[in-house]
Amino acid sequence: LDARERRAAEWALDRTTVFGPRLKEADARAFYETSTVVARAFETDWQRMLLEPRVRKLVAAWDPEVAQGAQTVDEELAEAADSLRARFGLLLRVFDYYCAYGTREGSAAFAIHENAYHRMLRDLGVTRGDADADDVDLDAPGDDGLYLPLEAAQQLFTEVNFETDKNSELSRLNEDRALMRWELLEVILRAAVLRHPAGQTDAVSGDDGRRGRVDVSDAIDALLERRV
């Protein structure tokens with residue numbers, strides 16, 4: 001064997017200084033994340049998202065079955081959780097990609113910052129791209145939902161970043177003006193409803209005059225199945 005072949009034969013993943021420590025330090029105690037770790041991460045992020053009272057209020061206001069009393073908020077939230085849980089492994093990769101989109105360092109590198117957030121929404125077809133951007137297909141099909149106006153996308157970013165309890169330990173860990181993992185779940189939930197045709201109209205069946213209502217879990221399924 002020549003020197004290069006000997007080095008290749010001697011190389012082992014568990015002896016690398018970069019990846020070897022994962023066997024002791026990573027949550028999975030393995031080189032790759034296990035399904036158990038991914039499931040636990042989702043439950044943690046979901047519960048953190050629900051700490052914000054606005055999420056339950058939004059589901060109560062948006063979902064038609066909840067509004068009609070045919071379903072409770074908790075029941076619809078459970079359906080929404082199932083929709084997100086089934087695709088959480090993919091959403092983790094989305095989160096990692098757009099965290100790396102920027103040039104932040106340290107703890108700030110583990111969050112999606114504002115420019116990356118807007119890029120993510122364009123890539124997913126939630127918003128339209130800048131007409132001057134050569135790499136954005138402005139004719140991309142939107143038949144499964146409407147494009148979210150940029151002003152609405154900016155408002156969504158601001159609202160999701162609002163922390164009700166600014167003195168909590170979670171608030172201390174939360175990167176300002178950026179999306180943490182649990183905030184990405186809220187963005188997906190809200191964007192799925194807001195881009196739905198019924199979610200962008202004031203015309204509602206009946207005469208209560210409220211904003212159009214959308215089944216939250218169905219809207220999430222439509223967005224994730226067709227855009228992610």
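Here the structure is a predicted model, which means the values were calculated and not measured.
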Asks: If you take all heavy atoms of Y147 and T127, which pair is closest and at what distance?
Replies: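 Y147 and T127 have their closest heavy atoms at CD2-C, 3.8 Å.
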
Asks: Do Q71 and E79 have side-chain heavy atoms sitting under 4.5 Å apart?
Replies: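 Counting from C-beta outward, Q71 and E79 do come under 4.5 Å.
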
Asks: Answer yes or no: is there an ion pair linking E186 with R54, defined by an N-O contact shorter than 4.0 Å?
Replies: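 So E186 pairs with R54 through a salt bridge.
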
Asks: Given the rule that I, L, V, M, F, W and Y join up when any side-chain heavy atoms are under 4.5 Å apart, are V160 and L170 in one cluster?
Replies: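 Yes; L170 is reachable from V160 via cluster members.
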
Asks: Are E43 and R40 within salt-bridge range, i.e. N to O under 4.0 Å?
Replies: no

Asks: With a cut-off of 6.0 Å (strictly less than), are more than 12 heavy atoms of other residues, nucleotides or ligands near CZ of F31?
Replies: yes

Asks: Hey, are D74 and R56 close enough for a salt bridge, meaning a charged N less than 4.0 Å from a carboxylate O?
Replies: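 The answer is yes: the pair qualifies as a salt bridge.
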
Asks: For the pair E52 (side chain) and T164 (backbone), establish whether a donor and an acceptor sit closer than 3.5 Å, ignoring hydrogens and angles.
Replies: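 A pair under 3.5 Å: yes.
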
Asks: Give a yes or no on whether the backbone of K24 and the side-chain of R29 come within a donor-acceptor separation of less than 3.5 Å.
Replies: yes

Asks: Can you measure from CD1 (I112) to CZ (R181) and round to the nearest 0.5 angstrom?
Replies: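 Between atom CD1 of I112 and atom CZ of R181 there are 11.0 Å.
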
Asks: How far apart are the closest heavy atoms of E175 and N161, and which atoms are they?
Replies: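 Shortest heavy-atom separation between E175 and N161 comes out as O-OD1, 4.0 Å.
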
Asks: Would one find more than 12 heavy atoms of other residues, nucleotides or ligands at under 6.0 Å from atom NZ of K166?
Replies: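 More than 12 heavy atoms, drawn from other residues, nucleotides or ligands, come within 6.0 Å of this atom.
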
Asks: Quick check: do R93 and D96 have side-chain heavy atoms less than 4.5 Å from each other?
Replies: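 Yes. Closest side-chain heavy atoms under 4.5 Å.
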
Asks: One thing to verify: whether R213 and E65 come together as a salt bridge, which I'm taking to mean a side-chain N less than 4.0 angstrom from a carboxylate O.
Replies: no

Asks: Hydrophobic clusters here meaning ILVMFWY residues chained together by side-chain heavy-atom distances under 4.5 Å, can you tell me if L58 and L50 are in one?
Replies: yes

Asks: Below 4.5 Å, heavy atoms only, C-beta onward: do L91 and L185 meet side chain to side chain?
Replies: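 The answer is yes, as the side chains (C-beta and beyond) meet within the 4.5 Å cut-off.
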
Asks: Below 4.0 angstrom, N of the basic side chain to O of the carboxylate: do D221 and R87 qualify?
Replies: yes

Asks: Side-chain heavy atoms nearer than 4.5 Å, only ILVMFWY residues, links allowed to pass through others: does that put M49 and L173 together?
Replies: no

Asks: Assign the ring pair F42 / W46 to parallel, tilted or perpendicular, where the plane angle (0 to 90°) is split at 30° and 60°.
Replies: parallel

Asks: Same hydrophobic cluster for L179 and L51, using side-chain heavy-atom links shorter than 4.5 Å among ILVMFWY?
Replies: yes

Asks: Ring-plane angle category for Y117 and F157, please: parallel below 30°, perpendicular beyond 60°, tilted otherwise.
Replies: tilted

Asks: Is it the case that one hydrophobic cluster holds both L224 and L124, taking links as side-chain heavy atoms less than 4.5 Å apart, direct or via other members?
Replies: yes

Asks: Compare all side-chain heavy atoms of L92 with those of E33 and state whether any distance is below 4.5 angstrom.
Replies: no

Asks: For V59 and L77, work out which heavy atoms get closest and say how close.
Replies: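 Smallest interatomic distance, heavy atoms only, reads CG2-CD2, 3.8 Å.
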
Asks: Please assess R172 against E163 for the test salt bridge (Lys or Arg N to Asp or Glu O under 4.0 Å), listing each intermediate value before the final yes or no.
Replies: CA-CA 10 Å; R172 186 185 67 81; E163 301 161 33; over 6 Å; no

